[in-house]
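Just below is one structure, and these are the notes that go with it.
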Amino acid sequence: MRIQATVGLRLSHYLGNEPGRGPEVGSTVHFYGVQTVMVERPARGSRTGRARCVTCGEWVPFRVRGKARTRRRKCVKYAAALLGLSLCYLAMSALIRMDAQDDVSSTGADLGLLAVAACGFLGGLTGAVLGLIEDGITKGGSRLRGLTSVHMFKTPKVLRAMRRPRDRDIAHRLEIEFDDNQPQRTGD
C-alpha cells in the first residue's frame, strides 16, 4: 500500500462515442481527451484547487489528499471488502453445516443464506476494486452538480484500459491553480 508524495492528476474530457467500432459486434468505443500533470500531496489534510480543461476551457475543481488520508481511505475500502468476504464465508459455512445435517425444512433459509453470501461476495469485490483504484484525488464541488459533467478524474491504469484507439485521444499538459496560493513545487 505504498503511496507516493506526488500523484498524477489526470483530467478526462468525454469527447463522444462511436457505436459499432469496438472489438465485439455491437460494442461502442468511447473517446476521451486526457490532460495530465504531477501534483505534490500536502503534508497533512487535503488541498483543493482547479484544473483548466484544454478541450473546453472550463475550470474543474478537485481535491488532492495527503498520504495519511489517502492511506486511511484505502484501508476503509479494504476493511469493507474484508467485511463483505467474511460475511460470504459465514453464510457459506452455515449453508454447508445445514446441508450436512440434512434438514429438509430449511429450504427458505437456504435461499436466504445464499442471497446473503452473494451480497457479501459482491460487496467484498466492490470494496477491493475501490480500494485498488483509490489515489486520493476527487472531483471537488457539489456532487449533484457534477452528475452530468463531461469531466472526470481517473487513475492511470483504469484510463489505459478504457481508452481505445489511442490515436483519437488528445494529450495535453494540464494547467492547475490551488486555492491556498502556495506554489506547486513539482511541475512534471
Side-chain angles (χ1 to χ4, degrees), residues 1-14 30 32 34-51 60-99 109-164 174 176 178-180 182 184-186 188:
M1 213 184 330
R2 186 174 164 97
I3 298 171
Q4 303 292 331
T6 58
V7 63
L9 180 68
R10 296 175 60 99
L11 175 66
S12 299
H13 180 101
Y14 183 68
H30 298 276
Y32 297 91
V34 180
Q35 304 137 47
T36 62
V37 69
M38 292 303 286
V39 178
E40 189 171 322
R41 293 186 188 276
R44 289 180 303 166
S46 62
R47 190 175 184 195
T48 58
R50 296 181 308 270
V60 182
F62 69 90
R63 176 181 307 272
V64 59
R65 289 175 178 77
K67 288 171 77 172
R69 280 197 180 176
T70 302
R71 186 174 294 114
R72 194 174 317 127
R73 285 174 62 101
K74 285 178 91 68
C75 286
V76 164
K77 291 173 183 175
Y78 286 144
L82 186 63
L83 181 67
L85 291 176
S86 62
L87 181 67
C88 177
Y89 172 76
L90 289 173
M92 290 304 290
S93 63
L95 272 172
I96 291 169
R97 187 177 302 126
M98 288 172 62
D99 188 46
D110 288 350
L111 291 176
L113 282 174
L114 191 60
V116 168
C119 289
F121 180 76
L122 290 176
L125 188 64
T126 303
V129 168
L130 289 177
L132 285 173
I133 66 172
E134 175 64 49
D135 64 349
I137 293 181
T138 54
K139 190 173 175 182
S142 172
R143 292 193 186 271
L144 294 176
R145 186 179 63 209
L147 285 177
T148 59
S149 176
V150 295
H151 299 103
M152 64 191 108
F153 290 102
K154 296 256 184 177
T155 57
K157 291 178 184 171
V158 173
L159 256 182
R160 213 175 339 184
M162 290 177 62
R163 340 180 250 146
R164 283 193 189 135
L174 189 59
I176 59 172
F178 285 103
D179 295 338
D180 57 7
Q182 292 180 358
Q184 173 71 17
R185 288 186 287 239
T186 59
D188 298 344

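Predicted model only: the values in this text are computed from it and were never measured. Just so it is clear, the values below take in all heavy atoms, side chains as well, and ignore hydrogens, waters and symmetry mates.
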* Structure fact -> Value for CZ (R65) from CZ (R47), rounded to nearest 0.5 Å, stands at 15.0 Å
* **Inter- and intrachain pairs under salt bridge (Lys or Arg N to Asp or Glu O under 4.0 Å), touching residues 76-93, at least two apart** => K77-E134
* Might you work through the side-chain contact (heavy atoms from CB on, under 4.5 Å) test for R73 and T138, ending with a clear yes or no? => CA-CA 12 Å; R73 285 174 62 101; T138 54; 4.0 Å; yes
* Point-to-point distance, once rounded to the nearest 0.5 Å, from CZ of R71 to CD1 of I3 -> 4.5 Å
* Partners passing side chain to side chain contact (heavy atoms under 4.5 Å, CB included) against L113 (at least two apart in sequence or in another chain) -> A91, A94, L95, M98
* **Closest contact, heavy atoms only, H13 versus H151** => ND1-NE2, 3.2 Å
* Closest non-hydrogen atom pair, G45 against P42 -> O-CG, 3.9 Å
* Asked: Under the criterion side chain to side chain contact (heavy atoms under 4.5 Å, CB included), which of V39, T70, V7 is the partner of I137?
  -> V7
* For R72, all residues meeting side chain to side chain contact (heavy atoms under 4.5 Å, CB included), sequence neighbours excluded -> A68, R69
* Asked: In chain order, what residues pass the ring pair (Phe, Tyr, Trp, His ring centres under 6.0 Å) check against Y89, with sequence neighbours excluded?
  -> none
* Asked: Is any side-chain heavy atom of F62 closer than 4.5 Å to a side-chain heavy atom of L11?
  -> no
* Structure fact -> Taken to the nearest 0.5 Å, the spacing of K74 NZ from L132 CG works out to 6.0 Å
* Asked: What is the distance from atom CG of L87 to atom CE of M92, rounded to the nearest 0.5 Å?
  -> 12.0 Å
* To do: State, to 0.1 Å, how close S46 and R63 come at their nearest heavy-atom pair, and which atoms those are.
  => OG-NH1, 3.0 Å
* Please name all residues satisfying side chain to side chain contact (heavy atoms under 4.5 Å, CB included) with L85, sequence neighbours left out, ordered by chain then number. => F121
* List in chain and number order the residues that pass salt bridge (Lys or Arg N to Asp or Glu O under 4.0 Å) with R50, two or more places apart in sequence or in another chain; answer none if no residue qualifies. => E177, D179
* To the nearest 0.5 angstrom, please state how far the SG atom of C119 sits from the CG atom of L114. => 10.0 Å
* Structure fact -> So CE of M38 and CD1 of I176: to nearest 0.5 Å the spacing works out to 11.0 Å
* Structure fact -> Closest non-hydrogen atoms of A81 and G127, given as atom of the first, atom of the second and distance, are CB-C, 3.7 Å
